[in-house]
Amino acid sequence: MADGIPIEITGLTKRFGAVTAVEDLGFTVQPGKVTGFLGPNGAGKTTTLRVLLGLERPDAGTATFGGTPYAALPRPLETVGASLDASFHPGRSARNHLLVYATAAGIDRSRVPAVLAQVGIAEYADRRVGGYSLGMRQRLALAYTLLGDPGVFVLDEPINGLDPEGIKWIRGFLQALAREGRTVLVSSHLLSEVQQSVDDVVIISKGRLVKRGTLASLELDAAPRTIVDSPDRAALVAALDAAGLEYTEGRGGLIVAEPDPARVGHAAFVGGVELSALHRLKSGLEESFLSLVGGGDES
Amino acid sequence: MNGWNAIGAEFRKVFTTRMWWLLAIILFAYVGVTAGGLGAFLGWATANPEAAAEASGGPGGGAVVPPGTELAPLIYSFASSIGYVFPVLLGALAVTSEYRHKTLTPTFLAAPHRQVVLWSKFATQIVIGAGLGVVAFAASVGAGAAALAGFGLDTGLDSSDTWALIGRGVLALALWGGIGVGLGVLVVNQVAAIVIVIVFAQFIEPILRIVASLSEVTAAIGKFLPGAASDALVGASFYTMATPGGTAQSLEWWQGGLVLLGIAVVATVIGGATTWRRDVT
């Protein structure tokens with residue numbers, strides 16, 4: 001196994017005509033952890049990864065593996081395993097797909113059956129990929145990243161299209177890679193999809209960095225709030241106003257900017273309002289993520 | 001990464017999908033039927049000149065086959081004069097299918113030096129083009145010689161000239177494979193590349209060659225058309241009969257080969273400096 005190398009992105013800017021896809025983006029991804037690269041669709045995640053992998057040229061800045069750009073890596077597949085879009089020639093079998101790239105990268109062909117078994121598609125290896133389900137394609141894309149037993153993994157939306165069993169499998173798989181000291185960067189547009197498998201997060205929105213840190217630090221950012229509702233909404237609003245509490249209208253009632261439900265209950269009691277709901281808002285992580293990326297209104 | 005690995009990968013790409021043997025089978029059948037059928041017709045016309053002249057133009061009609069025409073090279077060269085489209089197609093598909101199926105991503109991840117990948121395709125398609133050339137000449141010589149022998153005519157198979165022609169024909173189809181790679185990397189779009197190959201081969205070039213043969217000046221230019229250069233390299237073609245009385249000019253065989261090689265290299269260099277360097281999205 002190759003050593004984990006940090007991924008270093010500095011001042012990265014990429015424009016497509018008048019559109020700036022990524023602007024002055026900088027972050028580092030450390031070995032030994034799973035890092036979630038998060039942001040809504042169109043935030044610039046895939047563009048960042050394509051620049052990092054030498055598939056697109058940046059307008060400014062650098063993206064390297066421990067200081068070396070992808071194109072300058074002496075043995076790229078044995079240093080970095082990357083999967084971007086799970087696309088294959090539909091007429092080629094999984095085994096032949098991997099043999100083609102093992103040949104190109106000078107990797108021993110005995111790795112091909114090994115990685116097919118590792119991702120659990122050995123029994124379909126000689127079927128043409130055109131007949132594969134999305135989940136099987138994702139596994140084949142992962143098999144490609146494993147060919148060179150690299151120390152760095154860069155995976156774009158690897159969980160997309162997996163069934164619940166596949167999701168469980170990939171979570172364990174990513175954690176195992178990180179425990180072996182490898183660098184693992186996984187992009188997703190859903191925090192909930194990766195929050196059980198990532199240690200660190202890098203969150204971008206509209207091409208800019210909005211948050212980097214541990215998953216736990218993201219949790220702290222999410223100030224807990226209280227949901228309260230009443231059969232008489234107007235009276236409840238009056239009671240909250242009287243108590244000086246800030247609130248917004250939500251689906252399940254009023255979301256009050258107050259972590260302690262007891263204080264909200266007291267305000268209602270003082271106003272003589274009957275309550276139908278009163279509890280703490282728990283989904284803080286996702287809320288925090290959505291407020292960071294400015295997508296909170298969509299849900 | 002080195003060039004031999006890249007070439008090995010390109011061969012594997014070709015031989016792990018079905019296109020190569022589909023094209024080889026169609027090529028064999030197409031050339032075999034054409035060479036066998038025309039071999040039989042021209043053989044009959046040569047063996048029975050009066051009956052053929054009567055059938056084609058009534059009394060006073062010219063001979064179908066000019067007296068003294070050597071039929072064997074004419075018929076064998078169908079392998080290159082109609083078969084050249086096949087290595088072009090396979091060469092173009094080697095590039096365009098990477099775009100169509102978005103496999104440039106894994107390709108460039110495994111081998112980030114893009115020019116090495118492109119010239120590996122070029123070298124691979126030259127070799128495969130030569131292989132298709134062997135298939136095509138097996139069909140034209142097999143069917144054509146059988147037809148000629150059926151009319152008691154000379155098959156030319158005991159002549160070294162015939163075998164030299166076959167060798168030059170195989171070289172022509174090899175170079176056409178390289179032209180296919182150049183076309184593919186210039187056009188990139190698979191459907192557009194296929195349409196261009198077919199329209200150019202079946203309509204534009206034949207018309208241009210006939211038009212060019214109408215005057216001395218245009219004929220001097222027309223001999224550089226790729227099909228004309230290919231026929232010059234091979235040394236015989238159906239076109240030399242199809243444009244009787246015209247002033248069609250022909251290059252020396254080696255000049256024809258250089259023209260084909262030049263087209264292939266220039267197209268691949270230009271494509272390699274433009275489309276091939278673009279962002280892979």
**Complete:** Looking only at A:Ala102, A:Pro90, A:Ser93, the option with the highest number of non-hydrogen pairs under 4.5 Å against chain B is A:Pro90
**Complete:** Max heavy-atom pairs within cutoff under 4.5 Å with chain A, candidates B:Arg100, B:Lys102, B:Glu10, B:Met19, goes to B:Lys102
**Message:** Taking side chain as everything from C-beta outward and backbone as N, CA, C, O, which of these in B:Ser120 sits under 4.5 Å from a heavy atom of chain A? Side chain, backbone, both or neither.
**Reply:** neither
**Prompt:** Measuring from B:Arg12:CZ to A:Asn96:CG, what's the distance to the nearest 0.5 Å?
**Reply:** 7.0 Å
**Request:** Quick one: do B:Leu109 and A:Tyr70 satisfy side-chain contact (heavy atoms from CB on, under 4.5 Å)? Show the steps, please.
**Result:** CA-CA 8 Å; B:Leu109 287 178; A:Tyr70 190 86; 3.7 Å; yes
**Request:** Hey, could you give me the CZ/OG1 distance between A:Arg92 and B:Thr103, rounded to the nearest 0.5 Å?
**Result:** 7.0 Å
**Request:** With sequence neighbours excluded, give me every side chain to side chain donor-acceptor pair (under 3.5 Å) pair touching residues 32-56 of chain A.
**Result:** A:Lys33-A:Asp200, A:Thr46-A:Asp156, A:Arg50-A:Asp85, A:Arg50-B:Thr105
**Prompt:** What ring-ring contact (aromatic ring centres under 6.0 Å, His included) pairs are there with at least one residue in residues 98-132 of chain A, not counting sequence neighbours?
**Reply:** A:His97-A:Tyr101, A:Tyr101-A:Tyr144
**Message:** With a 4.5 angstrom heavy-atom cut-off, is it the side chain or the backbone of A:Arg95 that approaches chain B, or both, or neither?
**Reply:** neither
**Item:** All pairs passing side chain to side chain donor-acceptor pair (under 3.5 Å) where residues 175-201 of chain B contributes a residue, at least two apart
**Value:** B:Thr96-B:Gln190, B:Trp176-B:Ser230
**Non-hydrogen atoms of A:Ala71 and B:Pro112 that approach each other most closely** = CA-CB, 3.8 Å
**Min side-chain heavy-atom separation A:Ser87-B:His101 under 4.5 Å** = no
**Request:** Enumerate by number any residue of residues 272-281 of chain B whose heavy atoms lie under 4.5 Å from heavy atoms of chain A; in the absence of such residues, state 'none'.
**Result:** B:Arg277, B:Arg278, B:Asp279, B:Val280, B:Thr281
**Asked** Based on non-hydrogen pairs under 4.5 Å, which of A:Leu99, A:Leu84, A:Val51, A:Leu73 is most in contact with chain B?
**Response** A:Leu99
**Item:** Pairs of heavy atoms under 4.5 Å with chain B: top-ranked of A:Val100, A:Ile107, A:Val80
**Value:** A:Val100
**Request:** Count the heavy atoms belonging to other residues, nucleotides or ligands that lie under 6.0 Å from CG of A:Asp163, then report whether that count exceeds 12.
**Result:** yes
**Request:** Output the option from A:Arg128, A:Glu78, A:His89 having the highest count of non-hydrogen pairs under 4.5 Å with chain B.
**Result:** A:His89
